[in-house]
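In what follows, a single structure is set out as structure tokens and then discussed.
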Amino acid sequence: MMTLKNSWYSNSKFLITGEYLVMYGAKALALPLKFGQTLHVKSTNANSLVWKAYTPDGEWFSCEFSLPDLFIIRFDNQALTDKLQEILKVVSDLSPEFISRISSGAEILTELNFDVNYGMGSSSTLISNIAWWTRTDPYELLDLTFGGSGYDIACARTDSPILFSRSNKAVNIERTDFNPTFRDNIYFVYLGNKQSSSSSIKDFRKNSFFSNDDVKLINHITNEIINATDLKIFDKLIDEHESVLSSILKRPALKQRLFKDLPGSAKSLGAWGGDFVMITWNDSRESLKRYLKTKNMDVYFRFDEVVLNY
């Protein structure tokens, strides 16, 4: 059993409102989750950087880099190793003393406590932890590696629901009390299709058009969702939010596409098309299980099962 010198933990996340438009100044409601990722660091005398990544199913991948040049010595997953090398080289540019601090060698162990396919933030929690370890700015590190608004970094480092917005490089984070009385009717359902946030962002920037009025409308809906006291009002706001994004993306809304017979409402979370979605259900959990089985979906969580501090 190795002795751990340093450890950091970052929360995973769900983006409830403002997807895509949060990159252009829209106010987004985001929730840190009870899932997350830990990064452990142990100093060695091996003159190399050894990296081992684990998920609940066991070892995910491992690799080794020479020091100080960060050349790849070995790997068992080239794509993941190449991305990790890219991140570490960006870190060495942002924080030149980083390499000197591990010059004699280090062993890194990362542990996800959720399925890597869930899209809850395996990348953002990694960036947050690496930034803590290397004393770099997590938002700058994100910008130079995966891209995105940074709401997921904010969730990684907070313990409550937040309102997140960003103007250029200026990040604004407000803690908010999103604790609906009807939270037992809110579920998060896994669609089974992991989405690439980076690819979705690139596609949005290339093919989608929106106005300042769209941003203002999403801001208004976000505020109303936070203050909603009734499930029917909440459902109406969800449907309105989906309608705005459906028009911008020129794609059918989630309910129209997958849940036409759903008695409640359904909303995409983050990149449209995969990962988790939010639905409302005003009946028993057992009846929800039967309903989702007809859709070949069997992974789902109630609000208080997954959202941090509920």
Side-chain angles (χ1 to χ4, degrees), residues 11-17 19 29-37 54-58 60 112-123 125 152 155 161 178-197 199-200 225 228 230-243 245-246 249 251-310:
N11 308 312
S12 54
K13 46 64 183 177
F14 278 151
L15 182 64
I16 304 301
T17 70
E19 62 268 24
L29 172 62
L31 308 177
L33 304 182
K34 293 176 180 178
F35 298 115
Q37 182 168 194
Y54 290 85
T55 73
D57 292 328
W60 179 15
L112 281 173
N113 62 10
F114 60 93
D115 191 317
V116 69
N117 294 309
Y118 280 178
M120 290 179 170
S122 56
S123 300
T125 52
D152 43 7
C155 283
F178 181 63
N179 187 19
T181 56
F182 47 84
R183 63 181 179 273
D184 286 353
N185 302 113
I186 299 175
Y187 288 84
F188 301 101
V189 180
Y190 181 51
L191 297 185
N193 300 307
K194 182 170 172 57
Q195 291 291 103
S196 167
S197 297
S199 297
S200 295
I225 282 177
D230 179 85
L231 182 59
K232 290 183 178 179
I233 295 174
F234 187 74
D235 284 344
K236 181 180 178 182
L237 292 166
I238 288 174
D239 293 342
E240 188 176 355
H241 194 293
E242 284 281 288
S243 178
L245 267 295
S246 175
L249 297 170
R251 294 170 62 184
L254 178 68
K255 185 171 181 179
Q256 179 184 349
R257 198 162 47 85
L258 294 177
F259 297 102
K260 286 184 178 180
D261 56 347
L262 180 71
S265 291
K267 187 186 178 303
S268 297
L269 303 176
W272 279 33
D275 298 335
F276 275 81
V277 298
M278 179 175 68
I279 69 169
T280 59
W281 185 261
N282 199 16
D283 204 340
S284 70
R285 186 178 186 128
E286 188 59 35
S287 63
L288 173 61
K289 181 179 180 179
R290 290 194 298 269
Y291 173 78
L292 292 176
K293 189 174 183 179
T294 68
K295 309 288 183 183
N296 294 316
M297 301 172 189
D298 57 8
V299 177
Y300 59 94
F301 300 97
R302 198 174 62 201
F303 183 97
D304 60 357
E305 291 174 329
V306 68
V307 178
L308 191 62
N309 287 333
Y310 286 91

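Just so you know, these numbers come straight off a predicted model, no measurement behind them.
Side-chain atoms of Ser287 and Ser284 include a donor-acceptor pair closer than 3.5 Å. A side-chain donor-acceptor contact under 3.5 Å links Asp235 and Thr280.
Asn309 pairs by the side-chain contact (heavy atoms from CB on, under 4.5 Å) definition with Asp159, not counting sequence neighbours. Listed by chain and number, the residues in a side chain to side chain donor-acceptor pair (under 3.5 Å) with Asp298 amount to none (sequence neighbours excluded). Every residue two or more places apart in sequence or in another chain that forms a side chain to side chain donor-acceptor pair (under 3.5 Å) with Ser265 is listed here: Asp239. Under the ring pair (Phe, Tyr, Trp, His ring centres under 6.0 Å) criterion, Phe14 pairs with Phe188, Phe276, sequence neighbours left out. Scanning for ring pair (Phe, Tyr, Trp, His ring centres under 6.0 Å) contacts around Tyr54 gives an empty result, with sequence neighbours left out. Residues satisfying the side-chain contact (heavy atoms from CB on, under 4.5 Å) test with Ala30, not counting sequence neighbours, are Leu15, Tyr151, Cys155, Ile162. Residues that satisfy the side-chain contact (heavy atoms from CB on, under 4.5 Å) test with Arg285, not counting sequence neighbours, are Tyr187, Tyr300, Arg302, Glu305. Residues passing the side chain to side chain donor-acceptor pair (under 3.5 Å) test with Asp184, sequence neighbours excluded: none. Lys295 pairs by the salt bridge (charged side-chain N to carboxylate O under 4.0 Å, His left out) definition with Asp261, not counting sequence neighbours. When the side-chain contact (heavy atoms from CB on, under 4.5 Å) test is applied to Pro263, the partners found at least two apart in sequence or on another chain are Trp281. In terms of the salt bridge (charged side-chain N to carboxylate O under 4.0 Å, His left out) criterion, Lys255 has no residue partners (sequence neighbours excluded). Residues forming a side chain to side chain donor-acceptor pair (under 3.5 Å) with Glu19 (at least two apart in sequence, or on another chain): Lys267, Trp272.
Ring geometry for Phe182 against Phe234 counts as tilted: the plane angle lies between 30° and 60°, on a 0 to 90° scale.
For the ring-ring contact (aromatic ring centres under 6.0 Å, His included) test with Tyr310, the passing option among Phe303, Phe178, Phe301 is Phe303; the others fail.
With hydrogens and angles ignored, the 3.5 Å screen pairs no side-chain donor or acceptor of Gln37 with any backbone N or O of Asn11.
No more than 12 heavy atoms of other residues, nucleotides or ligands sit less than 6.0 Å from atom NZ of Lys236.
Taking CE of Met120 as the reference point, atom OG1 of Thr125 lies at 11.5 Å (rounded to 0.5 Å).
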